[in-house]
Amino acid sequence: MGQAKKMMMEHEDNINVATSYLVEIGELKECEAHGEVYGGDTTDWDSNFYARVMADRNRGINGPIPWAASMTAREFTDLLNEAANDHSGDGCGYCAKNMAD
């Protein structure tokens, strides 16, 4: 496997764990019926959001997000922002489609 592909796959894995983390702390929502994640709006985060997530990151490998321990603060916040922007819908698309039918 080429280095570029390996880096891309690692980035996708990081996006997935960042998405799960954002769901866990209540910043994103997950449809119980379909598993679709939605609700990402980085402009809607409260003023304590970055302090809270940085505290989680700074706890290192013993904290709630050991996968972020090796990242710089900027890499971590950029990853969270990207994960949120990837799931910026207002609701589950499958549920909306079923309601429309």
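Nothing fancy with the numbering, it's 1 onward along the sequence. Not measured: the values here are computed from a predicted model.
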Transitive ILVMFWY side-chain link F49 to Y38, under 4.5 Å:
no
Here the gap from E82 atom CD to H87 atom NE2, rounded to the nearest 0.5 Å, amounts to 9.5 Å
For a quick test of reading the model, state the closest non-hydrogen atom pair linking W45 to A84 and the distance between them.
CZ2-CB, 3.6 Å
Residues forming a side-chain contact (heavy atoms from CB on, under 4.5 Å) with N85, sequence neighbours excluded
T42
Supply the atom-to-atom distance E32 CD to C92 SG, rounded to the nearest 0.5 angstrom.
11.0 Å
Enclosure of Y94 OH (heavy-atom neighbours >12, cutoff 6.0 Å):
no
Does D46 have more than 12 heavy atoms from other residues, nucleotides or ligands lying within 6.0 Å of its CG?
yes
Donor-acceptor contact present, side-chain E36 to main-chain G93, <3.5 Å
yes
Does anything in residues 58-73 form a salt bridge (charged side-chain N to carboxylate O under 4.0 Å, His left out)? List the pairs, not counting sequence neighbours.
D56-R59
About how many Å separate CD of E24 and CD of E30, when rounded to the nearest 0.5 Å?
11.5 Å
same_hphob_cluster(W67, M8) at 4.5 Å side-chain heavy-atom cutoff:
no
Would you call T19 and D86 a side-chain contact if the rule is heavy atoms closer than 4.5 Å?
no
Can you give me every donor-acceptor pair (side chain of residues 73-80, partner residue at least two apart or in another chain, under 3.5 Å) with its distance?
residue, atom, partner, partner atom, Å
R74, NE, D78, OD1, 3.4
R74, NE, D78, OD2, 3.4
E75, OE1, T72, N, 2.8
E75, OE1, T72, OG1, 3.4
T77, OG1, A73, O, 3.2
T77, OG1, R74, O, 3.2

Answer yes or no: is there a side-chain heavy-atom contact under 4.5 Å between N14 and M71?
yes
Let me know which of L28, N16, V53 forms a side chain to side chain contact (heavy atoms under 4.5 Å, CB included) with Y21.
V53
In the structure I gave you, are the side-chain heavy atoms of M54 and R57 within less than 4.5 Å of one another anywhere?
yes
Quick check: is V23 connected to Y50 through a chain of hydrophobic side chains (ILVMFWY, heavy atoms under 4.5 Å apart)?
yes
